[in-house]
Structure formats: structure tokens, C-alpha cells
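Labels below follow one simple rule: chain letters A, B, ... track the order of the sequence lines, proteins then strands, and each chain is numbered from 1. Values below: every heavy atom of this structure, side chains too, minus hydrogens, waters and symmetry copies.
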Amino acid sequence: MSRACRRSGLLGHVGDPEHGWPDAPAELAELQAELGARSPVPWRPPTDRPTRIGGCFCCFPRGVEGFGERGDPLWVAAVTYEERRRLASVVRTDRARAPYVAGLLAMREGPALAAAVAELTVAPEVLLVNATGRDHPRAAGLAYHLGAALDLPTVGVTHRPLLATGDWPADAPGAAATLTLSGTPVGAWVRTRAGRRPLVAHAGWRTDPGTAVEVVRLATGTARTPVPLREARRLARRARALR
DNA sequence: GCGACAG
DNA sequence: ATCTTGTCGC
């Protein structure tokens, strides 16, 4: 076991949201490199029954723009859905562990998201995360990292890639176009609504680009944003409004 | 070296 | 992330 893993307690503490989130940039980068080098067993959605799909999201105080800093208050929500039914939800407040730095988002939001998801009374089978996965300098973006920390398959969903490149898909619902990083497929643009900007579905923990696109399609209702992610975002922002 | 760079 | 502004559509 590496120093980063031993210090962070990632190995041997799978599922414990208090572990696996080093708060020093060099240590996080070391852990990301180690996680990114792994090849976790691929997961696929069941074909004979509905999939329990979760989502998590955190938001920050309004009126505060920029990169933020350690200690920023935040509101975080997590939900579990099965088809159109919400089976569980969690809303809580927490604190950011660091400012936002591209490539080190896990340091800012990781512990809060992990804690919220861990409190769900009905666990999802796959979790949507507002972050990249293998599209990352060390192939271990927050969506991928969160899945490793929680021992849960994950799919990232963002407005744009971090490093990967690729053309947009056709303007038809469900259309997808692969995004690659150094020749490796790491995700795909997905058109969830005709006439709207496509989202990026990111390969995460135990998911490849094809599975990421499939989960986003399964989770999408009438809105551009997949239902569990949209609902987690709504709950987090509602909690902020009640502050 | 400099800018760009998920949220 | 959050904000502002503008535009289209229900």
C-alpha cells in the first residue's frame, strides 16, 4: 500500500466517507495517480429490472464568485431514484476543504459528497456525480474517486470536458459522440434534449463511456439534466435558500 | 515560461 | 461554482 493510501486510509476503509480524502495537493495527486492506474471490475446496469440510480450535488453561497477557499460553507444533497420514484434523499450542510483548483476538485467537495451519499437509507446501484471521471490529468477525477471511496459505480456529468476532446453529436435526443484523451475514450457528449447544448457523460468508477451514456439516458426525463442530479441540485439549493 | 483547466 | 444579460417558448 502506498503512503498516500495508508495516510488517507482509503484501503481497508472502503465505504467509510471519512477516509480517502487527503487535504494536501501533493497527497491527493499521489492518491489520484494510484487510483487512476487501477482497472476496477466493469459494472453494467441490470437488463431484467429497473436500475436504482443516485445523484449528488453541492452548492455554495450566492454572491461569492471565484475559486473560494477552505472553510467555505456548502449545502449538499444526495438522492436515490428507481425509474420515476425517489426512494431516499439526504440534505446537509458542510464545509469546503480547499479552494477550487482544476484537477483537485476532490479536495474541495469530496468529503461532503461522500458523507451525504453514505447517509442514504436506500443505496443506489450507480451514482451520478457533477464532475469528470477518467477525463483527468491522472485519470481519477472526482466522479471516479468518489466511486472508489464509496465502493459504488459512478458516472460523471458535466457541462464540458476537462481535458478530453471530440465533436458534438447530432441534434437528436440520445445522440452521443465519443470524447478521447490521448487516444483513449474517456466519455462522450450526449444530447439529452434536442436544441440544447449536449452534456458530457464521463466514464467513472467501474463504468466505461458506453455505460456512462447508457446511465445518463436511463436517468434522463423531460429536462436536460438527468433526474437524480437535477433533484439533488434542487434540494441543495433549496436548503441554501432556507439558510 | 505562459495560458488553459471539472465545480 | 455564481452572476448578468438576452432570447425563445410555454
Round to the nearest Å and state the distance from [X] atom [atom1] to [N] atom [atom2].
X	N	atom1	atom2	result
His145(A)	dG7(B)	NE2	C1'	16 Å
Phe57(A)	dA6(B)	CZ	P	15 Å
Leu229(A)	dG7(B)	CG	C1'	12 Å
Asn130(A)	dG7(B)	CG	P	6 Å
Glu109(A)	dG7(B)	CD	C1'	5 Å
Arg134(A)	dA6(B)	CZ	C1'	16 Å
Phe60(A)	dA6(B)	CZ	P	15 Å
Glu65(A)	dG7(B)	CD	P	17 Å

Exercise. OP1, OP2 of dA6(B) versus side-chain N and O of Arg160(A): anything below 4.0 Å?
Worked result: yes
For this session: Answer yes when Glu125(A) and Arg49(A) have at least one side-chain N-carboxylate O distance shorter than 4.0 Å, and no when they do not.
Result: yes
Exercise. Are Arg92(A) and Asp94(A) close enough for a salt bridge, meaning some N to O gap below 4.0 Å?
Worked result: yes
By the 4.0 Å heavy-atom rule, please label [X] as base, sugar-phosphate, or nothing.
X	answer
Arg233(A)	nothing
Arg196(A)	nothing
Pro161(A)	sugar-phosphate
Gly63(A)	sugar-phosphate
Tyr144(A)	nothing
Leu163(A)	nothing
His159(A)	sugar-phosphate
Tyr100(A)	base
Leu113(A)	nothing

Problem set entry | Over-ring placement of Arg230(A) relative to Phe57(A), 6.0 Å and 45° cut-offs | no
Exercise. From His136(A) NE2 over to Leu104(A) CG, what is the distance, rounded to the nearest 0.5 angstrom?
Worked result: 6.5 Å
Problem set entry | Interatomic spacing from CG in Leu146(A) to CH2 in Trp205(A) - rounded to 0.5 Å |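 With rounding to 0.5 Å, CG (Leu146(A)) is 11.5 Å from CH2 (Trp205(A)).
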For this session: Report yes or no: is there a donor-acceptor pair, N or O only, under 3.5 Å between the side chain of Thr132(A) and the base of dA6(B)?
Result: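 Such a pair is found, so the answer is yes.
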Exercise. Less than 4.5 Å apart, any side-chain heavy atom of Val215(A) and any of Trp43(A)?
Worked result: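 Yes. Closest side-chain heavy atoms under 4.5 Å.
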Exercise. Leu229(A), Leu120(A): one ILVMFWY side-chain cluster at the under-4.5 Å cut-off?
Worked result: no
For this session: Examine Val227(A) and Leu127(A) and state if one hydrophobic cluster contains both, with Ile, Leu, Val, Met, Phe, Trp and Tyr joined whenever side-chain heavy atoms are less than 4.5 Å apart.
Result: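 They do not share one cluster, since no chain of ILVMFWY contacts under 4.5 Å joins Val227(A) to Leu127(A).
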For this session: Just need the stems in DNA chain C: three or more back-to-back Watson-Crick or G-U pairs, each with both distances under 3.5 angstrom, sorted by first number.
Result: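 Correct response: none, since no qualifying run exists.
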For this session: Identify the 5'-most and 3'-most nucleotides of DNA chain C with at least one atom closer than 4.0 Å to a non-hydrogen atom of chain A.
Result: dA1(C) to dC3(C)
For this session: For DNA chain B, find the residues of residues 205-217 of chain A with a heavy-atom distance under 4.0 Å and give them by number; none if there aren't any.
Result: none
Seminar exercise, completed: Writing each nucleotide of DNA chain B 5' to 3' as (, ), [, ], | or . by Watson-Crick or G-U pairing under 3.5 Å yields .......
Exercise. Step by step, would you call Arg134(A) with Asp208(A) a salt bridge (Lys or Arg N to Asp or Glu O under 4.0 Å)?
Worked result: CA-CA 9 Å; Arg134(A) 309 230 66 154; Asp208(A) 62 18; over 6 Å; no
Exercise. Counting only N and O atoms by type, is there a donor-acceptor contact under 3.5 Å from the side chain of Thr207(A) to the main-chain atoms of Ala203(A)?
Worked result: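 Not a single qualifying donor-acceptor pair exists.
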Problem set entry | Donor-acceptor under 3.5 Å (Arg97(A) side chain, Arg95(A) main chain) |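 At least one qualifying donor-acceptor pair exists.
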Exercise. Residues in side-chain contact (heavy atoms from CB on, under 4.5 Å) with Arg44(A), at least two apart?
Worked result: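 Listed in chain order: Thr211(A), Glu214(A).
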Under 3.5 Å, side-chain donor or acceptor atoms of residues 171-186 of chain A against the rest of the protein: list the pairs with distances, not counting sequence neighbours.
residue, atom, partner, partner atom, Å
Asp171(A), OD1, Gly195(A), N, 2.6
Asp171(A), OD2, Gly195(A), N, 3.4

For this session: If the plane angle is over 60° it's perpendicular, under 30° parallel, otherwise tilted; pick one for His145(A) and Trp21(A).
Result: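 The arrangement is parallel - the two ring planes meet at less than 30°.
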Seminar exercise, completed: When Leu199(A), Val213(A), Val200(A) are each screened for side-chain contact (heavy atoms from CB on, under 4.5 Å) with Trp189(A), the one that passes is Val200(A)
